[in-house]
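Remarks on the structure that follows.
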Amino acid sequence: MSIRILYFANLREVLGCAEEELEALPAGVVTLGALREWLCARGGDWAALAPGKSVRAAVNQTLAQAQNGIAEGDEIAFFPPVTGG
Amino acid sequence: MSIRILYFANLREVLGCAEEELEALPAGVVTLGALREWLCARGGDWAALAPGKSVRAAVNQTLAQAQNGIAEGDEIAFFPPVTGG
Amino acid sequence: MSISVQTEDFDIGPEIAALSAGRTDVGGVATFLGLVRGDGGLVAMHLEHYPGMTEKALAEIIVQAQARWPLLAVRVIHRIGRLLPGERIVFVGVASTHRAAAFAACEFIMDYLKTRAPFWKKEETPAGARWVDARESDDAAAARWDAGN
Amino acid sequence: MSISVQTEDFDIGPEIAALSAGRTDVGGVATFLGLVRGDGGLVAMHLEHYPGMTEKALAEIIVQAQARWPLLAVRVIHRIGRLLPGERIVFVGVASTHRAAAFAACEFIMDYLKTRAPFWKKEETPAGARWVDARESDDAAAARWDAGN
């Protein structure tokens, strides 16, 4: 499964990463929550995605929850709570 | 007791009177409610001030109730419920 | 606060800009603009008022709003005379540090203006002229604020 | 509806006029203008967003407002990039037949925008730059609408 992941604002700066393409995900990573856990397991700065950290996510540019499924070609985004307006 | 009375909008048109000066009021007419009754007793179109008719009043340019006292030199106004804005 | 009761039209852009001009403590400006609707073939709306009391009533309404919310600037403009469908009747603009106070105060001022400021509307239609009746929904809207909502 | 996400400033007067231009069924236009406050020696505010999702999120918020109230026109403008104290950040304008719907929808759109549209603010101060934390009061403001208030 190939997906694209975007990171915004403070999270982008902490991770030092604005965007990445993942060509292959482990078989079990089929939800947003599982993806977040898998990314967090990279260690180091990726602890910013640990449970309890205030992180929001979108799948294909729509706000989504941990149980949201992810599929081939999806655009996933992780970011802090929004502060516009 | 000398007072000035103003009438507005529909009430002005029905009464055919925009303004009047009263040089002497009967001794008992010391509240807004009593004044309204006394004016109503003129009969004819003045029935527009009868109890139950939706009429608002102001004393010296401030909204007032029937029990509000009136005094020498006051500017009294009677008018329908307001409809601006 | 600044209050105008006038026959002339007004220009909204500069009015809104003036509410925060020369200061950087304003976080939000809420405004309301009321227009003449052309319902039922309305030809024109005539706005009558009670000169002297009008300004006093509007000032009192703004003072009450200022006592309820921390407001930085308030502007009220109400037109009188003969207005055509689509024309501006009333403008209320409120500046505050935060948006919740600006929104609440702006709506409060409009609700109170509708029930306490001495203006009366007369509709001019092809069938003749008639005075507009007060709406119970306006009384209800103003009463909300007394209930502490 | 009309949505703009832009670095350029905008002119409020024409934006408000456009909400009722050429029609006579609009009775009220409620607007909100958000400005950069210069609190604590702020030098500038940087607005980052998620291109693509931003417009989609704003459109979804407006669709929800349209489902709740009878709206005749809606305009949302949100600026991005570096903004100085006193500068305009966001504008929401809503036209409806009656004022209650215009007020409610305008505040609803702002509350949802504050919690659901992907914008992030970073403060530039003499002591350095820091990302603005989300405010619980904004979550509470948005949650009011879910409770049916």
Side-chain angles (χ1 to χ4, degrees), chain C residues 10-17 19-43 45 72 84-100 102-104 106-111 113-114 135 137-138 140-141 144 149, chain D residues 10-17 19-43 45 72 84-100 102-104 106-111 113-114 135 137-138 140-141 144 149:
Chain C
F10 48 87
D11 197 355
I12 306 248
E15 294 294 346
I16 296 181
L19 288 166
S20 64
R23 59 197 301 172
T24 59
D25 55 347
V26 173
V29 177
T31 76
F32 179 79
L33 174 67
L35 303 163
V36 178
R37 278 185 288 122
D39 298 357
L42 182 89
V43 175
M45 192 70 92
L72 298 171
L84 302 176
E87 281 201 83
R88 287 174 272 270
I89 305 177
V90 61
F91 172 79
V92 174
V94 176
S96 186
T97 309
H98 296 292
R99 76 182 184 288
F103 269 120
C106 188
E107 191 164 14
F108 171 91
I109 291 169
M110 272 308 301
D111 286 347
L113 184 156
K114 284 260 182 188
R135 292 168 52 197
S137 62
D138 285 331
R144 283 185 308 158
N149 278 1
Chain D
F10 47 88
D11 197 355
I12 306 249
E15 294 295 346
I16 295 181
L19 288 166
S20 65
R23 59 198 302 172
T24 59
D25 55 348
V26 173
V29 177
T31 76
F32 179 79
L33 174 66
L35 304 164
V36 178
R37 278 183 289 122
D39 300 358
L42 182 89
V43 174
M45 191 71 93
L72 298 172
L84 302 178
E87 281 202 84
R88 288 174 272 271
I89 304 177
V90 61
F91 172 80
V92 174
V94 176
S96 186
T97 309
H98 296 291
R99 76 182 184 287
F103 270 119
C106 188
E107 192 163 14
F108 171 92
I109 290 169
M110 273 307 301
D111 286 348
L113 184 157
K114 283 259 181 188
R135 292 167 52 199
S137 62
D138 285 331
R144 284 185 306 159
N149 278 1

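Protein chains get the first letters and strands the later ones, always in sequence-line order, with residue 1 at the start of each.
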Within-4.5 Å side-chain heavy-atom neighbours: R37(D) and L42(D): no
Pairs of heavy atoms under 4.5 Å with chain D: top-ranked of S20(C), G34(C), G27(C):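 Answer, by heavy-atom pair count under 4.5 Å with chain D: G27(C).
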When D11(C), V36(C), D111(C), D39(C) are compared by non-hydrogen pairs under 4.5 Å with chain D, the top option: D111(C)
Residue among G22(D), A141(D), C106(D) with most heavy-atom pairs under 4.5 Å to chain C: C106(D)
Among V26(D), I12(D), I16(D), D25(D), residue most engaged with chain C (heavy-atom pairs, under 4.5 Å):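 Among the listed options, the one with the most contacts to chain C is V26(D).
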Between side-chain atoms of residues 85-94 of chain C and protein atoms elsewhere (two or more places apart, or another chain), which donor-acceptor pairs fall under 3.5 Å?
{"from": "E87(C)", "atom 1": "OE1", "to": "R79(C)", "atom 2": "NH1", "distance (Å)": "3.3"}
{"from": "E87(C)", "atom 1": "OE1", "to": "R79(C)", "atom 2": "NH2", "distance (Å)": "3.2"}
{"from": "E87(C)", "atom 1": "OE2", "to": "L84(C)", "atom 2": "N", "distance (Å)": "2.7"}
{"from": "R88(C)", "atom 1": "NE", "to": "D9(C)", "atom 2": "OD1", "distance (Å)": "2.9"}
{"from": "R88(C)", "atom 1": "NE", "to": "F10(C)", "atom 2": "O", "distance (Å)": "3.4"}
{"from": "R88(C)", "atom 1": "NH2", "to": "D9(C)", "atom 2": "OD2", "distance (Å)": "2.9"}

Salt bridge (charged side-chain N to carboxylate O under 4.0 Å, His left out) partners for R135(C), two or more places apart: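 Listed in chain order: nothing, the list is empty.
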Contacting region of S137(C) [heavy-atom separation from chain D under 4.5 Å]: neither
NE2-CG distance between H98(D) and L72(D), expressed to the nearest 0.5 angstrom: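 Between atom NE2 of H98(D) and atom CG of L72(D) there are 10.0 Å.
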Separation of M110(D) CE from L33(D) CG (nearest 0.5 Å):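 Those atoms lie 9.5 Å apart.
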